[in-house]
Structure formats: C-alpha cells, structure tokens
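Letters A, B, ... mirror the listed sequences (proteins, then strands); counts begin at 1.
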Number of protein chains: 2
Amino acid sequence: MADRPRASRAGHNPSLADVAALAGVSRGTVSNVLNHPGIVAPSTLERVQNAIATLGYVRNDAARALAAGKSKSIGFVSTNIENSLFVDMIHGAQSGSRDANMTILIGNSADDLAQQNAYLDLFDEARVAGVLLAPMEDPTDGIKRMRSHGRQLVLLNYRPHDHDCCVVLVDNEQVGYLAARHLIDRGCTRLVYLASHENWQPVHYRRLGVRRAVAESGGTVTLQEVDKEQLDFANGAEYAAQFLLEPTATRADGVVAVTDELANGFMDGVVRGGLSVPRDVAIVGCENNRAAPRGPVSLTTVEMNGEAMGLAATSLLIEEISVPADEHEHRVVMLEPVLVPRASTFGTYLGADSSP
Amino acid sequence: MADRPRASRAGHNPSLADVAALAGVSRGTVSNVLNHPGIVAPSTLERVQNAIATLGYVRNDAARALAAGKSKSIGFVSTNIENSLFVDMIHGAQSGSRDANMTILIGNSADDLAQQNAYLDLFDEARVAGVLLAPMEDPTDGIKRMRSHGRQLVLLNYRPHDHDCCVVLVDNEQVGYLAARHLIDRGCTRLVYLASHENWQPVHYRRLGVRRAVAESGGTVTLQEVDKEQLDFANGAEYAAQFLLEPTATRADGVVAVTDELANGFMDGVVRGGLSVPRDVAIVGCENNRAAPRGPVSLTTVEMNGEAMGLAATSLLIEEISVPADEHEHRVVMLEPVLVPRASTFGTYLGADSSP
DNA sequence: CTGAAAGCGCTTACAG
DNA sequence: CTGAAAGCGCTTACAG
C-alpha cells in the first residue's frame, strides 16, 4: 500500500504497468483493453477498467506512437487564421477527421515562411499521420522536405509546380471570371481589376478570369488593371482616394477587387467620398470572408467554400495514409466557386440585400 | 552499401542509430550533438552533422519525449478561433513561447464542450509541457482532470470558482463600466444593456459594470436590461426591429451591447430603419473584434487586449513548468480594458472617426 | 570528450 | 483469452 502510485504527483503519472499490477494482469492485456476491448474477457475488462479509473490512468501518447509506429494526429499548417477562409478550411478538416477518429492539430504560420517551416518540422518530428498545408509562397522546399521523409502531405489552395502531392484547389480563374462576368451582366462597361503584383497565385489566376470575361464581351467592355502594394483595407481606401479624382464620365463603373478586404476598403473610401454604391460604381470582392457583408454596403463576392476544401483535403490525406505508397496516385481536386450577390452590385444600402 | 537506410522510404525514416553507424560514433554521441552540441569535439560534431544531412535524419519526437520525459509543446485549447479575440490570444501565446523555444499547438473546440474535452485529453495524452485554456462554460471538470494528472494549466478569460490554477483575465466589470460611462459622458441619459442570460461570465461582469456607471449618475440616468437568446448579429438586428417601434421620446439614446457582433447587428438594423447613429442612438460594443469598425458606422468598443492575455498566460505557464510544484503559487493576472472611441458615439458616418 | 547500458511507456506478434 | 518478451527510437547518468 505504501508505494501505490499517486495519480496526483506532477511529472509522475501512473503507467500502464501500474494499471496491470493493480488489476493483476499483464501489460499486454491492459494494452488490449485500451486498443481491442472486443477480444478481452468481460470480467478482465471490468477489472482493468476499474484499475484505470481508480488510478486516473492516462495513456502516454508518445510511448503509444513510438511502439505502434503511427500517430492519430494530423497537422494543419495554415497561412493565417485571421482570414476566415482558413478558419473554414480548419472546420472542414476537423469534421473530416472526426469520422476517421483522428485529431487536427493547428499550426498558425501567421503569414511567416519561417514559422511555416518550423511547424512543418515540428509535425515531421512528431511523426504525425499526415500534414495539411495551406501555404505561403513559396512552399516548395518545405513540401520537398516532407515528401523526402516519406511524410504524407496534402496542399490546399496552392497549385504546385510539380505534382508530387495531392492538391485541393478552388478554380481561381473561375473566381475572377464570375466576378467580372457578374459586373458585365449588371451593365458595367468600364471595369477595374484591383489587385497586386503576382507574388500570390490567386491574384494571377483571378486576373486571367477577369480578362476572359472582358474578352467575351467582344470589345464593348474595357479593363484597367490596378496593382497595389498590399491586399488590405488601407490599400483599397488608398485607391478610392485616387478614384475619386478621376473624371466621372470616364472612370470605372465596376470594380473587381481580388480580396474582400481590399474591396471593403475601396467601398469605404468611395462612400465616404460621397459616391453611391452600386449606382456610381459596383463592387465585387473575392473569397466571401466573414467580414464581407459588413461594409457600408453589403459586399457581393465569390465564395471559395473553404469548409469543402478542408473536408476534401482531409479525405485525400486519410486515403493516402491508409494505402501503401505505391498504390497511391496523387490527385488534384478542383472545386467550383460560387457568386454571392449582395447589395454592392444590386441596389443601395437601404434596399434589399440580393434582389435586383 | 546495399542496406544503407533509405531516407525516402515512407514509414521508415532513418533513426539516430543509422546516423551513429554512418558517422562511426555511439548513439549517445549523436544525441549529444542534437541536444548539447557544445560538449562534443568539433571534428566529431562535423562528422555527425554530415551523417545527419546525408541521411535526411529527422528526430523522432515521440521517442525524444518518452526518453526525456518532457515535451517542448504547449497545447492551446481555444473556444472559437472565429472570434478574433481568441486569435489575438493565440498570437500572444505564440510570441511568448518563441523565446522559451516552445511551440504552440492549437486545438479549436469550436464552442463545443465535447471537443474542448477531447483536445484536453489529447494534450494530456501527449504529455505536453502545459496547457492554455480559453474555455467554454463550464470547464471545471476538464480543469480538475488536468490538474489531478499533474498537468500544468493556465486559464484565459474565465474566472474559476476555486483557484487551483493560474488565471489571466480582463476586468470585465470595468469593460461594462467604461462602455456605459462613455455613453453617459457623451450625454446619454436612457441606457440599454443589450446582452443575454447569464450563462457566459462576461455577460454577468459587464452587466455589473454598466450598473455601477449608471448608479454613479445618481439617478439622472436610467438603465433597461434587454436579454436576447444569442449574442450574434441576427439577435442585434432583431432587437433593432423592436427598438424602431418604441416612441422616439422615451426610447434609449445609448446602447451598450455585450459583444461587437450584437452591437453591429443592432446598428445595422437601426440604420436600415432610418435612424442616425449616434445622433438618434449611440452604440458601444465590447471586445474590439476585427469586424467592429466595419459596420455602417464605425463601432466604439472596449479593447480586451487578447494578445497581452496570451502573452501573460504563456509567461505564467512557462514559469509554473520550470519550478517545482511545491514552490509554485497560482496567480491571477487581471488586465485593464481600454475604451476605443469611434464614430458610433462620436459623429456621423461621413464625419471623422474619433473626434467629438 | 565518448561509449555501453539501462530505461522511458507503450504495442505487437507469438505461444499457449 | 492471456502472458512473456522483444522492440519502437530516443536520453541520461555513469564510467573511463
């Protein structure tokens, strides 16, 4: 009695051996009640479970992972959890992993490549079952490193140059197309694509889509491409100031902004400057971020369906994990974006949100 | 040569023993170059590092943690990463842990008590160095379980009934006080406290603060308390609809909403209903969420300083970890909130943001 | 400064 | 259905 293990002593948790001793069985049997309760005799089961309860035993996952040679965790390295698109992806990943009885561990790289690599290494060392990566530019090194260690990795929202992993994408060309096409359908003839230099893939592909929509118009619609330094609210407002100085007759009547933040900054600026949205200028954002509908005029935008991306990526990963490496073939899943019409293209602030 | 370990074979990463063999040293020495490079001879160091590089060796953290008996990870179980307040806390925790050379692993409980407990258990099994918990109501069971296993845990933004752990709080009574006091200073005499039933601690404490500010007025200010079901945008808009029906002469001229979302929903509703903010009714939110300034009128609110909370909590945790249990005394850190004045109490949408 | 050996706490065939 | 034994990949005193 004197040396019965004490559950409450910090740094010294009861071990499986303690449970075995108390229950009067072998360690293998305790392991079996933990992992294959079906194959142990009911009376033994009960005895062991009682021992577990009275000792407050908690399995040591490091030992489990080491002995079993596999982990039940999936690491999700996300660019920036401040962006609701990534939060949606995380939600999707969480629900996708729940069924497979796995857990999502989140590493927030906060738009910092060094932190992204640090989390990748951490998950590598932790020998997680697999890694979900919604990366920064350019993740190539990190991806190569993971794959060369035989670690499974699925990429989200990034189109790699060489396809040595599964990828889940939204068709960003289509995102740009839908946004521009919607403005044209609403009667806009002088469009602006408000974006930044091409160091971010979606900027590039959405641009192509905008151009395609304009090209389809057969010359009746013009396109001006404006590139700011950043894609945030302040840069949108900055462009608004410039926009307000342009002659009314010739300035754009429709703006596709490559992010919702940029769109809302622009909208905020022009509304403060006395313009009416969408009468004077219609605005479409991209990504349908949580904050998108909260501007002075509710923002029309294009839904990326982050939750579906997270779910799809998790399915691909779990499938890849559960199949021998040589039977797996990498796949690219391309999801379709959806236009979400709101007041910034369909009426005034005080009017209805989404009816013409 | 034939059986040199292959770095690229999935599921079979090179081990420390492989490195030792290739470098012609013992495993203990490899371990030393990994953990105490200072005590190994330069020539040996180089030889081992080369072996590590050519093999693409990655340390198995499960084995490391098991042998060393400690982890370099801190688990952060957060209520809901959709709320920017918690994202701020995570940022604070990340910067606080970086100096200590530890890593934050995030578990998003998504407002679900079962998931919160699942992550707590996961981190318990992982024997993380410590746990940061920004909890739901009521986390008592989970906390008890952690502590009974000797696991260090620091609570954020929640005031436990019995202080068996360190806690970091913002003075929520003061949050309510600042909000109401500000409205009174601006000349409001008929206040509403827009909140919900008391199942969430901040609702309770902020209410006390609002009452204190009203009481200080010595009877010149009245207070009506309105309790909705939820604290989101829709419930705010719902109250706006009701508000618009009240007689102009007697309805409130100042509203303290217990969350920014609720405040913005209310604001959206009354502005759509034709009222002017703050002329007809001034509004203050709480928490200074990322979306707070994005309403039709930029929202005055009270800053919780989530980043400072995360930082403080991490410091407390790291201190607790590094000290023998019997030398540690649990502490409560109470941070002061700060009023952030914006247009919803200080002018009109088209006017300046924060000048009277 | 380095090596040999024990041990961390589990799981997994393998007998029986 | 259960036990004995080996082993997962590290770290940590301890000698030398």
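A/Asp141 has no carboxylate O lying under 4.0 Å from a charged side-chain N of A/Lys144, or vice versa, which leaves the two without a salt bridge. A/Arg151 has a carboxylate O that lies under 4.0 Å from a charged side-chain N of A/Asp124, or vice versa, which qualifies the two as a salt bridge.
Put simply, the side chain of A/Ile106 does not reach to within 4.5 Å of the side chain of A/Phe86, judged on heavy atoms. The shortest distance between side-chain heavy atoms of B/Val19 and B/Val48 falls below 4.5 Å. At least one side-chain heavy atom of B/Ile143 sits less than 4.5 Å from a side-chain heavy atom of B/Leu153.
Listed here is the closest heavy atom pair of B/His91 and A/Ala110: CE1-CB, 4.1 Å.
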Across nucleotides 6-16 of chain D, 5' to 3', mark each nucleotide with B, S or - according to how protein heavy atoms within less than 4.0 Å reach it. BBBBBBB----

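Among the nucleotides C/dG3, D/dC1, C/dC1, the one closest to any side-chain atom of B/Ser26 is C/dG3.
In DNA chain D, consecutive stretches of 3 or more Watson-Crick or G-U wobble pairs with both distances under 3.5 Å are given as paired ranges: C:1-3 with D:14-16, C:5-12 with D:5-12, C:14-16 with D:1-3.
A/Ser31 contributes atom OG, which lies 6.5 Å from atom NE2 of A/His36 (distance to the nearest 0.5 angstrom).
Residues A/Arg145 and A/Asn117 bring a donor and an acceptor atom of their side chains to less than 3.5 Å of each other.
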